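Take a look at the structure below.
Residue numbering restarts at 1 for every chain, and letters A, B, ... go by the order of the sequence lines. What you see is a predicted model; the values in this text were computed from it and never measured. Scope of the values below: all heavy atoms of this structure, side chains included, with no hydrogens, waters or symmetry mates.
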There are 2 protein chains.
Amino acid sequence: MSDATALARAPAEPRKRDAEATRAAILDAAKGHFARLGYDCAVLRDIAQDAGVDVALVKRYFGGKEALFVEALKASFVADGMRAWDRATFAQEIAITLADSPHVDEERTHRFQFLLRAATSPTTAPLLNVLIQDRFLEPIRVWLGGADADARARVFAASYIGFLVERLVRGEALEGRERRVFIDRVSAIFAGLMTVSDGPP
Amino acid sequence: MSDATALARAPAEPRKRDAEATRAAILDAAKGHFARLGYDCAVLRDIAQDAGVDVALVKRYFGGKEALFVEALKASFVADGMRAWDRATFAQEIAITLADSPHVDEERTHRFQFLLRAATSPTTAPLLNVLIQDRFLEPIRVWLGGADADARARVFAASYIGFLVERLVRGEALEGRERRVFIDRVSAIFAGLMTVSDGPP
DNA sequence: AACCTAAGTCAATGCGTGTTGACATAATCA
DNA sequence: TGATTATGTCAACACGCATTGACTTAGGTT
């Protein structure tokens, strides 16, 4: 046990002084906590501890909880990724991802859980309108392209969010035939949204 | 100011003593608050005040906040409604509802917002697994029927939730061509899920 | 009428949490 | 080296909130 305590005794090495690094550490920890817990349940002390930092530094570097949240939210949406998606395989790939457990794609999962939590908390929802428009809906709209891209982007985004929630509450991966059917149906939906027109002209 | 205080002086009429009625009043107020605010942001004092009741009565009748929440959640899902949906018109109707503002369908909106909030709060999510299965997924599964009803029910439920979130953050009704396209696409998705097979056999 | 029990009220306690300012110390520069 | 500043630490404070128990009173019972 003495080894364990020795390992846990990180404070023996009292943190190099490096403003940028600590700021980044806080931001990074914050992203995870906010994504997992949502604004209201996330606790500054825990975030700080996770970053190996004193709580007071949150104030120094960000001003407060809300400001930290906004910063973390923006940092979580550097709005890349989507451009790189391959149109030929996207629908299938995303459906597979959504059929699996939330734990396999931690990175992307976190980013969108963050968005979801932010959107569904009454405290933070007001902060989101612009950001959602700019960094979520708009990239999708551009990526989809074609006629009525805005409406299709809405449906696309909504579906995505929905499947994310479903996977969240499901918690575990789907298996066997259910999994195959799920993937087929979901990828059919996304594929349908990528085609410019399957409704009346 | 004396007028205002006079107006505010509702306590002049000190609440008839009726256990069932007050219990119901609390539960009713709780449903609204939890749906609108989620578990964490909802405040017992406000719920009590809304019901015209002292906070302590929440303890007397329900035991505590969490118990009240569970009760309210169950009460919000009497699992009716869905059976009554008309298969011929459902997809179109639901799409229209989802295109409009959240305020037009307060009743149903509230019930599902409740579910959503509950599912996305880490505090309450654990309480939901069974309930979601029993009162949400299962009715959909039965209503859909046919082969692979379970997988289709998942996709169905997920889509529904997603569109609900989308409408929530959108806040206002869609208009014009965007609205038409949105409705077409959404109803196409639901209609597709109602058909037994459009994938490989 | 006296009494008893269920229903409702009130004030206080304790905890979690964001925020704040005073203090300590490493890093940098004159 | 000594002084100055940026960086990090610590200990409270203030606030909101759920919870709790002691007290009050209406409504029925004997």
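When the P atom of dT19(C) is taken as reference, atom CZ of Arg45(A) falls 11 Å away, rounded to whole Å. Taking atom CZ of Phe62(B) as the reference point, atom P of dA18(D) lies 15 Å away to the nearest angstrom. Rounded to a whole Å, the CG atom of Asp54(B) is 13 Å from the P atom of dA18(D). Atom-to-atom, CG of Asp40(A) to P of dG16(D) comes out at 16 Å; the value is rounded to the nearest Å. Between the CG atom of Leu44(B) and the P atom of dA18(D) there is a distance of 4 Å, given to the nearest Å. One interatomic measurement links the two molecules: CD of Glu20(A) to P of dA6(D), which rounds to 15 Å at whole-angstrom precision. A straight line from CG of Leu57(B) to C1' of dT9(C) spans 8 Å, rounded to a whole angstrom. For the pair Asp18(A) CG and dT5(D) P, the interatomic distance rounds to 21 Å; values are reported in whole Å.
Comment: Glu138(B) engages Arg141(B) in a salt bridge, judged by a side-chain N to carboxylate O separation of less than 4.0 angstrom.
For Tyr61(B), a side-chain nitrogen or oxygen approaches OP1 or OP2 of dG8(C) to under 4.0 Å. Side-chain N/O atoms of Lys59(A) include none lying less than 4.0 angstrom from OP1 or OP2 on dT19(C). Between Thr22(A) and dT7(D), a side-chain N or O to OP1/OP2 separation shorter than 4.0 Å is absent.
Cation-pi contact between Arg135(B) and Phe114(B): absent, since separation from the ring centre below 6.0 Å together with deviation from the ring axis within 45° is not met.
Projected onto DNA chain D by closest heavy-atom contact, Arg60(A) and Gly64(B) fall at different nucleotides, the more 5' of which corresponds to Arg60(A). When each of Lys65(A) and Ala56(A) is assigned the nucleotide of DNA chain C bearing its nearest heavy atom, the one mapping closer to the 5' terminus is Lys65(A). Toward the 5' end of DNA chain C, the nearer of the two residues Gly63(A) and Asp46(A), judged by each one's closest nucleotide, is Asp46(A).
Between Tyr160(B) and Phe136(B), the angle of the ring planes stays under 30°, which puts this pair in the parallel group of the 30/60° scheme.
Ala42(A) comes within 4.0 angstrom of sugar-phosphate atoms only, judged by non-hydrogen atoms across all strands, and of no base. Residue Val55(A) is in base contact, counting any heavy-atom pair closer than 4.0 Å across all strands shown.
The two residues Ala29(A) and Asp50(A) make their nearest non-hydrogen contact at CB-CB, 4.0 Å.
Between the side chain of Ser121(A) and the backbone N or O of Ala118(A), no donor-acceptor pair lies under 3.5 Å.
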